[in-house]
Amino acid sequence: MNFESLQNRIIYEDNHIIAVNKLPGEIVQTDATMDEALCQTIQHFIKERDQKPGNVFVGVPHRLDRPVSGVTLFAKTGKALERLNRMFSGRDIQKKYWAITMHKPSPLSGALAHYLVRNHDQNKSYAHLQPKPGAKEALLNYHYIGSSDRYHFIEVELLTGRHHQIRAQLSAIGCPIKGDLKYGAPRSNPDAGISLHARSISFIHPVKQTIIELVAPPPDDILWTLFTRLQESRSYSAPPPTPYE
């Protein structure tokens with residue numbers, strides 16, 4: 001286990017929660033592959049770092065898909081986990097993602113509302129405009145940030161948390177995410193991840209009741225660097241002029 005790498009990826013930590021910048025390819029919680037999950041790595045890390053004699057509690061209130069990178073929040077106490085679970089299910093946590101897509105969206109900004117049907121055998125969700133049996137409503141807002149020569153940068157505000165939601169909904173409007181073969185990209189990324197990054201989450205701390213805003217730097221890549229520069233330029237607003245006296 002590379003604990004030094006994990007230490008460098010911790011975005012926030014206190015006695016109740018810990019947030020880590022997940023790498024593409026890491027799994028948040030144990031699955032059928034039986035690969036070591038990020039929650040287990042964090043358990044081992046805390047146990048060794050803090051020299052804890054007993055078991056270390058690390059709860060998982062939400063998950064990112066394996067090929068997705070970005071801020072991932074864990075609970076260090078049962079109380080924090082219970083409250084975070086309620087906050088995620090109650091949509092009390094604001095989540096923003098960055099996506100690099102194959103095509104420019106039209107319109108450039110908007111709201112998407114679909115009904116997602118999950119196919120468990122394919123591990124894939126299908127987006128429909130009308131309700132279907134077993135479907136779950138999926139809502140998000142998106143904003144076009146800019147483009148490179150070949151790709152396009154979109155910021156997504158996720159309003160619901162459905163299986164493969166952003167991937168399925170962007171694909172449904174003709175904007176598959178770079179590297180996402182499952183949803184229409186023509187080729188994979190070199191790291192086997194996809195160009196979807198959980199950029200930030202903001203919420204009321206489950207115990208301290210203070211406002212927490214967590215931001216995860218994107219992977220070290222020329223396209224993500226350009227995305228960051230464009231977003232910073234877009235977000236910048238000049239101060240108002242000084243009024244004449």
Side-chain angles (χ1 to χ4, degrees), residues 1-13 18-29 31 33 35-42 45 60 62-74 94-105 140 142-158 161 164-171 175-202 213-235:
M1 302 172 193
N2 189 347
F3 287 154
E4 182 178 355
S5 170
L6 180 61
Q7 174 69 60
N8 293 336
R9 293 190 284 125
I10 294 175
I11 301 168
Y12 177 88
E13 183 180 9
I18 181 170
V20 173
N21 191 359
K22 179 178 116 48
L23 301 175
E26 286 183 316
I27 55 172
V28 173
Q29 198 168 32
D31 63 7
T33 66
D35 294 339
E36 178 166 315
L38 184 55
C39 65
Q40 295 173 310
T41 304
I42 293 171
F45 168 76
V60 182
H62 78 129
R63 298 163 185 80
L64 296 183
D65 295 342
R66 185 164 191 161
V68 177
S69 61
V71 57
T72 310
L73 185 62
F74 298 90
Q94 288 70 54
K95 296 167 282 186
K96 288 188 177 180
Y97 286 72
W98 285 0
I100 300 175
T101 63
M102 308 300 300
H103 304 290
K104 185 185 295 186
L140 63 78
Y142 72 89
H143 304 281
Y144 169 75
I145 303 300
S147 299
S148 69
D149 292 341
R150 297 175 56 190
Y151 301 106
H152 310 278
F153 308 133
I154 299 173
E155 183 177 78
V156 173
E157 180 187 10
L158 191 62
H164 291 184
Q165 179 179 336
I166 298 174
R167 301 164 66 181
Q169 288 192 274
L170 290 184
S171 178
C175 298
I177 294 169
K178 179 179 178 293
D180 197 355
L181 300 179
K182 188 181 289 286
Y183 288 93
R187 63 186 65 86
S188 61
N189 286 347
D191 62 2
I194 64 174
S195 298
L196 180 62
H197 180 70
R199 173 61 171 174
S200 66
I201 58 175
S202 58
E213 296 185 5
L214 306 176
V215 179
D220 186 12
D221 172 88
I222 189 170
L223 286 174
W224 285 122
T225 299
L226 177 57
F227 195 147
T228 302
R229 290 174 180 170
L230 288 170
Q231 174 63 8
E232 289 173 349
S233 174
R234 177 177 178 270
S235 300

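Pairing each heavy atom of L73 with each of A19, the nearest pair is CD1-CB, 4.1 Å. The heavy-atom pair separating A216 from A198 by the smallest distance is CB-O, 3.8 Å. Closest approach of S188 to L181, counting heavy atoms only: N-CD2, 3.6 Å. Considering all non-hydrogen atoms of both residues, H197 and G70 come closest at CE1-CA, 3.4 Å. The minimum heavy-atom distance between L64 and S69, with the atom names listed, is CD1-O, 3.8 Å. Across all non-hydrogen atoms, the minimal contact from S147 to L226 is O-CD2, 4.4 Å.
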* To do: Mind running side-chain contact (heavy atoms from CB on, under 4.5 Å) on F45 and I10 for me, showing each step along the way?
  => CA-CA 11 Å; F45 168 76; I10 294 175; 3.6 Å; yes

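Within a 6.0 Å sphere centred on NZ of K178, other residues, nucleotides and ligands contribute more than 12 heavy atoms. With a 6.0 Å radius and a threshold of 12 heavy atoms from other residues, nucleotides or ligands, D220 has its CG atom at or below the threshold.
To the nearest 0.5 angstrom, E213 atom CD is 10.5 Å from I201 atom CD1. K96 NZ to R199 CZ: the interatomic distance, rounded to the nearest 0.5 Å, is 10.5 Å. Atom CD of Q169 and atom CG of L140 lie 4.0 Å apart (nearest 0.5 Å). For the atom pair OG (S195) and NE2 (H152), the distance works out to 13.0 Å, reported to the nearest 0.5 Å. To the nearest 0.5 Å, atoms CD1 (I145) and OG (S233) are separated by 10.0 Å. To the nearest 0.5 Å, atom CD1 of residue I166 and atom CG of residue L196 are 5.0 Å apart.
Checked against salt bridge (Lys or Arg N to Asp or Glu O under 4.0 Å), E157 has no partners two or more places apart in sequence or in another chain. Residues passing the side-chain hydrogen bond (donor to acceptor under 3.5 Å, both in side chains) test with T101: none are found, sequence neighbours excluded. Among residues two or more places apart in sequence or in another chain, the ring-ring contact (aromatic ring centres under 6.0 Å, His included) test is passed with F227 by W98, F153, W224. Residues passing the ring-ring contact (aromatic ring centres under 6.0 Å, His included) test with Y183 are H164, sequence neighbours excluded.
Pairs engaging residues 179-197 under the salt bridge (charged side-chain N to carboxylate O under 4.0 Å, His left out) rule: R167-D180 [sequence neighbours left out].
Considering only heavy atoms from C-beta on, T72 comes within 4.5 Å of H62 through its side chain. Counting heavy atoms from C-beta outward, Y142 and E155 have side chains that stay 4.5 Å or more apart.
The only member of T228, I100, L223 that meets side-chain contact (heavy atoms from CB on, under 4.5 Å) when paired with P218 is T228.
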I'd like a table of donor-acceptor pairs (distance under 3.5 Å, sequence neighbours excluded) in which one partner is a side-chain atom from residues 20-29, with atom names and distances.
residue: N21; atom: ND2; partner: P217; partner atom: O; Å: 2.9
residue: K22; atom: NZ; partner: E26; partner atom: O; Å: 2.7
residue: K22; atom: NZ; partner: D65; partner atom: O; Å: 3.4
residue: K22; atom: NZ; partner: R66; partner atom: O; Å: 2.9
residue: K22; atom: NZ; partner: V68; partner atom: O; Å: 2.7
residue: E26; atom: OE1; partner: R9; partner atom: NH1; Å: 3.1
residue: E26; atom: OE1; partner: L23; partner atom: N; Å: 2.9
residue: E26; atom: OE2; partner: R9; partner atom: NH2; Å: 3.0
residue: Q29; atom: OE1; partner: R63; partner atom: NE; Å: 2.7
residue: Q29; atom: OE1; partner: R63; partner atom: NH2; Å: 2.5

